[in-house]
Amino acid sequence: MIYAMSDIHGMYDKYIKMLELIKFSDADDLYVLGDVIDRGDKSVEVLFDMMKRPNVHPIIGNHELMALIAIYVKLNCLTVEPPVSEDSLFSNWLVSGGEATLEGIAKLPNDQRLVIIDYLSEFVLYKAVDVGDKTFIMVHSGFDNFSREKKLSDYTVNDLVWHRPDPGFRYFEDESIFVVAGHTPTWAINGGNSIIHSCGNILIDCGACHEGGRLACLCFDTMEEFYI
Ligand SMILES: [Mn+2]
């Protein structure tokens with residue numbers, strides 16, 4: 001079976017309970033649509049579990065992007081031009097929930113810190129899978145600057161991780177193509193905490209790290225929805 005979940009946000013216990021609920025096995029694949037880290041206090045634990053499973057496939061979210069830029073700038077691997085300062089990048093990540101993640105990373109021995117940074121660097125921008133007669137395009141937030149004429153590879157990382165969706169907007173004419181995204185919690189769209197299906201959009205961030213929110217998981221083979 002092929003599954004997707006999103007916006008785990010350091011909620012390790014919910015993530016593990018979900019793997020148990022779906023009886024996740026070596027024969028399955030799980031796509032994680034970004035924002036694995038920040039806000040919750042067990043981001044490092046989630047990342048270490050994901051990386052030991054070759055059938056868990058991470059896609060980048062804005063929180064991984066913020067973390068990577070902040071960390072690379074601190075490590076002098078990346079320079080930034082004014083008016084963006086090193087400090088503002090770092091504090092921006094920290095106030096966006098990065099503090100808990102940084103604390104988790106800081107507790108690790110040096111070699112393990114690098115393992116985390118390497119793993120975050122491997123997150124891909126998007127992924128498309130065919131299941132039966134449907135195609136699921138998975139991306140953290142949806143598509144900014146969308147055009148039906150563009151190829152998926154034409155979008156920048158910022159187009160893919162910061163977009164706020166319009167659930168009434170159909171991206172692709174072909175109704176067998178679905179865009180699966182997280183990033184915007186469902187409570188901010190319709191006040192609910194269940195997966196939203198609308199005009200070829202499937203929005204699966206049900207607010208795992210928010211009060212009253214849930215971690216959602218969707219099975220593409222059966223379209224069954226799971227919640228913790
Ligand atoms: Mn996000």
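Counting convention: from 1, in listed order, for ligands and their atoms alike.
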Please report the closest heavy-atom contact between I204 and A216, naming both atoms and the distance.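 The answer is O-CB, 3.6 Å.
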Quick one: do the D205 and S6 side chains pair a donor with an acceptor below 3.5 Å? no
Mark yes or no for whether N62, through its side chain, and W162, through its backbone, hold a donor-acceptor pair below 3.5 Å. no
What angle, in degrees and rounded to 10°, do you get at the Mn ion (ligand 1) when you join it to NE2 of H140 and to OD1 of N62?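 Output for this angle: 90°, rounded to tens.
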Which atom, counting only N, O or S, brings H183 closest to the Mn ion (ligand 1)? ND1
Among the N, O or S atoms of D35, which one sits nearest to the Mn ion (ligand 1)?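 When I compare the N, O and S atoms of D35, OD2 is nearest to the Mn ion (ligand 1).
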If you define the side chain from C-beta out and look only at heavy atoms, does anything of I37 sit under 4.5 Å from E64?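 Yes, at least one pair of side-chain atoms sits under 4.5 Å.
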